[in-house]
Amino acid sequence: MDIQNNSMNEQQVFQTVRKKKRGCFTGCLLYVLLPVLVVTAAYFGISALLRNQQEKTTQQLNARFDYDKYESSETKLTRAFENGELSVDAYVMQMAYSMYEPDKLDPSNRSDNRVDFPPDIAGLFSQYIDELSDETIEYVANKLLLTDVGIHTDASNNPTAPKQGFLPFVTHAHASNYDVTVLNKAYLSPSGEFLFWYTDTGKSSVDDKVVQELADTVDSIVAEIEDLLDIQWDYKCSVINIHSYIKAVVNKCGIDKEVITKAMPVYIYEPSDDGSAFAWYCKDNTWYEKELIKLVKPVVKLLDENLLKEYGTVYSLPYIVIKTSSITDTENLNTIFAHELTHHFQRIYYDDKSHNASGYTSETVANFTAASVARNTGTDTAINGHANMYVQSADHWLSSMELSSTTAGYAEYVWAKSYADIIDNGVQYLKESLLQKDPYEFLCEKAGDSYYHVLEDLAARNITKAYQQKGFVSTIYPPESGRINPYLDTIKGSFYANCFDYYYLDGKTYGNFGTKLLLNNTGKTRIFVEVIGRENDTYTIIDTLYCEPEKDVMLVDFAEELPSQYDEIILAVGHCETKEWAYYEISSVSEAAIDWYETAKGLEELNPWEVNGNCITINVDDLITGAEDLTGFLSRAIQLAQDVTDEEASESQQILSAELFDGLESEISRFQEDLKIFKDVFEYKTIRVYTMPIGKTILSSEELYETTLKTMPRIRAKILDMDQEGTHVTIVVGIQPFSDTQIIAHVMLASSDDEVSMYRIELVK
């Protein structure tokens, strides 16, 4: 029945019903017509209310899952480069701007985030050096050599050195046009693995105690990474130059000068440019020493090569930089530290400076490690932003992991967490994947038949957030894949490997309807469904279901007590293959729909109507039984609709809906009472209605009456002769006491355009 084509609203129905007069035979006819009117009113009224309730639920869900997409400059620039919108030279320069001077970027390419992980500028520089312009080489080399930093025992001129490189300040400046921060203090971490360079003067000033605490934290992070990845820390000093002032500073701070080549340098200062990175790691690559000196030479025209060797700041690769202003944001700093140090551990593992792991596995493992060891207590960090980036697109993000880019690798660490937790030796396999050409295929092969358990775990934890380490927690939920009508519905779905569809079912609404949901696997891959219950803010995995190809499985039966006790039931649908698409259908049917089906089926089996030519024969007993079944169903349906509506409606809406429901119930109750009376007093078992169309006529009403009267038995009477809404109605009744057909009625309807229809009605005992 099409609700869009219905032209009669509930109020019109009630007015129509109240206008009806009850006569002996007229009342009988109206009882036959009344169920149709009541059903129409009830159906459309209930449908409208349910539709309004669904719209409210939709609005609430949309608000719950509302999440603006935030992207880093690295993501935006990499996408533009891969799409051919940026040349190699522009890409590398723009990436450098994104880290050091984001204000130089086009606004559309600036990061949406407060904090980002730093891009691998050194890696890009090394990879594309032969394709870069002199301008780009000069800019990047300056940044990599930290030409805005000096190491010297005298930091009295901080925060800004003179613009000219003349004595006595030549030792404090590398070149003209650069503000230089002099680092005059050094601290060796307790492990002896890091040498911190800092100052206690100017805008880059930091307290000794803060540096000591920072060193303890870095040592702790390194120890945890060693334990997690089973890789021993190592630092191979690739010396550029170690000038005399470096030795003088460590000597002044009581540190043996031998540690300069044994400990990784960590520079703490506030760059003159307002870059976006909190901290970054510059790796040792195949270029250094003579290449760096040669590349930066155009920038230091005031200094000859010997002076550069004497006063250069970056004396060795690799190194770490920490912005002074970022030290107080320990959660973000520790996470970025752990991420960047993991890249160093990866290079220890490669033992090959020329090896570059795919962005998918390199960034995935770095983020997985960082989230595992950072020990954060909150979820408002850069790495949580990566978790949100994944969860927001859980229906397609991991669709082609073996082809994923570097930026995609950041988000895939949540998948790596499930892999490490579910697969025996999972962390070892993740580490080994760094050396593989196709890391995804390698990891799937290592997981074997257990791989789909990784997806089950991930599908559930996207909802439950059941992580001991806060770094894996997303602060949003996967968007819903579709809306399933709790009354009666069928929807189709499909998704690729490693992806999920999510459905959110309001426990009270579906519980009131007693809805049953069935999944039919229409594809060729095995499907699993995680059934998750939410009660307030607590999530519980209720069951894990499996459905073979071309089979079906009952997902949830809200008629049972368990699912109905939850505020919400969430279905996470995935499939067990490492590739290919899954296809399925989810069907819902409620107890109310089953009730209606059984009622309709019962009415169909009763079949009180028999049509033969122009004659309709009505079996009265079957008609009354069907009417009783129908009114009983309508009473139950109205009560259900009222319960559902009242739960979500405001107080004023409840009052309005209550008036509508009361009107419906009043009409149905009156009909039920009259039906009982009618059943008790009406002795006739059969009613026959003959249609006798006359068409246009020139006879008057009186002549029509006389003509009709002659066709009636001798005991006869006119019981109605009136005009109503442009139609003249005449009803004549005749009685045959000694015949089975004891009562005969003729009904004539004459319209204003002289069209006449006549009906003969026979009541048979």
Side-chain angles (χ1 to χ4, degrees), residues 61 64-65 67 224 228 331 335 338 364-365 367-395 397-398 410-427 429-430 443 447 450-481 498-505 507 528-546 555-556 562-563 565-576:
L61 283 171
R64 175 181 174 183
F65 302 117
Y67 172 71
E224 292 205 45
L228 179 67
E331 302 252 301
T335 302
T364 298
V365 172
N367 258 3
F368 161 73
T369 303
S372 299
V373 307
R375 307 300 184 194
N376 289 344
T377 58
T379 56
D380 184 24
T381 68
I383 202 166
N384 296 114
H386 290 165
N388 285 350
M389 182 167 40
Y390 160 64
V391 168
Q392 184 193 29
S393 305
D395 60 341
W397 188 270
L398 305 183
Y410 285 121
E412 289 157 1
Y413 80 106
V414 291
W415 169 87
K417 172 62 174 173
S418 291
Y419 187 93
D421 286 354
I422 298 300
I423 303 301
D424 292 339
N425 299 318
V427 175
Y429 296 146
L430 285 169
L443 290 168
S450 298
Y451 178 72
Y452 68 92
H453 292 304
V454 174
L455 301 179
E456 293 171 2
D457 182 74
L458 178 57
R461 290 210 275 197
N462 285 340
I463 297 294
T464 64
K465 318 297 184 187
Y467 297 104
Q468 185 176 1
Q469 300 94 344
K470 297 291 186 180
F472 293 101
V473 176
S474 59
T475 57
I476 62 171
Y477 292 83
E480 60 177 347
S481 299
N498 305 305
C499 304
F500 311 104
D501 280 350
Y502 288 88
Y503 299 91
Y504 299 84
L505 314 174
F528 71 82
V529 181
E530 293 290 333
V531 183
I532 303 166
R534 177 181 65 81
E535 191 169 6
N536 296 322
D537 294 326
T538 302
Y539 293 86
T540 304
I541 299 176
I542 298 174
D543 202 356
T544 301
L545 306 172
Y546 301 94
L555 296 176
V556 191
L562 178 60
Q565 74 185 23
Y566 290 97
D567 298 327
E568 187 174 53
I569 295 292
I570 301 154
L571 305 177
V573 186
H575 74 90
C576 306

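Heads up: numbering here begins at 1 and tracks the sequence. In what follows, every heavy atom counts, from backbone to side chain, and hydrogens, waters and symmetry copies are set aside.
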### For the student: nearest non-hydrogen atoms of Val414 and Leu458, plus distance
O-CD1, 3.8 Å
### Task
With sequence neighbours excluded, tell me which residues meet side chain to side chain donor-acceptor pair (under 3.5 Å) with Lys470.
none
### Task
Determine yes or no for a side-chain-to-main-chain donor-acceptor pair under 3.5 angstrom, with Arg461 supplying the side chain and Ala466 the backbone.
yes
### Task
Determine, stepwise, if the pair Val531 / Thr544 fulfils side chain to side chain contact (heavy atoms under 4.5 Å, CB included).
CA-CA 6 Å; Val531 183; Thr544 301; over 6 Å; no
### Query
Quick one: which of Asp380, Asn388, Thr381 gives a side-chain hydrogen bond (donor to acceptor under 3.5 Å, both in side chains) with Asn384?
Thr381
### Task
Report yes or no: does Glu331 contribute a side-chain atom to a donor-acceptor pair with the main-chain N or O of Thr377 at less than 3.5 Å?
yes
### Nearest atoms (heavy-atom pairs only) where Phe500 meets Gly574
CD2-CA, 4.0 Å
### Message
Keeping Asp567 on the side-chain end and Asn536 on the backbone end, is there a donor-acceptor pair under 3.5 Å?
### Response
yes
### Heavy-atom closest pair, residues Lys465 and Tyr477
CE-CE2, 3.7 Å
## Note on the structure
Taken to the nearest 0.5 Å, the spacing of Ser474 OG from Ile383 CD1 works out to 12.5 Å
### Query
So do the side chains of Ile542 and Ile532 get within less than 4.5 Å of each other, counting heavy atoms only?
no
### Query
Should Tyr390 and Asn462 count as side-chain neighbours, where that means a heavy-atom distance under 4.5 Å?
yes
### Task
Mind checking side chain to side chain donor-acceptor pair (under 3.5 Å) for Tyr467 and listing every partner two or more places apart, or none if nothing turns up?
none
### Query
Yes or no on side chain to side chain contact (heavy atoms under 4.5 Å, CB included) for Tyr452 and Tyr546, after CA distance, side-chain angles and deciding distance?
CA-CA 11 Å; Tyr452 68 92; Tyr546 301 94; 3.8 Å; yes
## Note on the structure
Residues passing the ring-ring contact (aromatic ring centres under 6.0 Å, His included) test with Tyr502, sequence neighbours excluded, are none
### Message
If you apply the rule side chain to side chain contact (heavy atoms under 4.5 Å, CB included), what do you find for Asn367 with His386, and how did you get there?
### Response
CA-CA 9 Å; Asn367 258 3; His386 290 165; 2.9 Å; yes
### Message
Would you compute the distance between atom SG of Cys499 and atom NE2 of His575 and round it to the nearest 0.5 angstrom?
### Response
7.5 Å
### Query
Which residue, Asn425, Ile423, Leu443, forms the side chain to side chain contact (heavy atoms under 4.5 Å, CB included) with Leu430?
Leu443
### Query
What is the distance from atom OG1 of Thr540 to atom CZ of Arg534, rounded to the nearest 0.5 Å?
11.5 Å
### Query
Which heavy atom in Asn376 sits nearest to a heavy atom in Thr335, and how many Å separate them?
ND2-OG1, 2.7 Å
### Residue pair Ala411 / Met389: nearest heavy atoms and the distance that separates them
CB-CE, 4.2 Å
### Task
Assess the side chains of Asn498 and Tyr451: does a donor N or O sit below 3.5 Å from an acceptor N or O?
yes
### Summary
Across all chains, not counting sequence neighbours, the side chain to side chain donor-acceptor pair (under 3.5 Å) partners of Glu224 are Arg375
#### Entry: Check: Ser450 and Ile422 side chains under 4.5 Å, non-hydrogen atoms
no
### Query
What heavy-atom pair brings Ser418 and Val454 nearest, and what distance separates the two atoms?
CB-O, 3.6 Å
### Query
Counting distance only, does the side-chain N/O of Glu530 pair as donor-acceptor with the main-chain N or O of Val573 below 3.5 Å?
no
### Task
State, with a plain yes or no, whether a side-chain heavy atom of Tyr503 is found less than 4.5 Å away from one of Ile569.
no
#### Entry: Residue list, ring-ring contact (aromatic ring centres under 6.0 Å, His included) with Tyr413, at least two apart or on another chain
Phe472
### Task
With sequence neighbours left out, write down each residue that passes side chain to side chain donor-acceptor pair (under 3.5 Å) with Thr369, or none if nothing qualifies.
none
### Message
Test your reading of the model: is there a side-chain donor-acceptor pair from Tyr419 to the backbone of Tyr429, 3.5 Å cut-off?
### Response
no
#### Entry: Residues Ser481 and Asp395: side-chain donor-acceptor under 3.5 angstrom
no
### Query
Does the ring centre of Tyr410 sit less than 6.0 Å away from the ring centre of Phe368?
no
### Message
As a quick check of understanding, evaluate side chain to side chain contact (heavy atoms under 4.5 Å, CB included) for Tyr504 and Leu571, giving each step before the final call.
### Response
CA-CA 7 Å; Tyr504 299 84; Leu571 305 177; over 6 Å; no
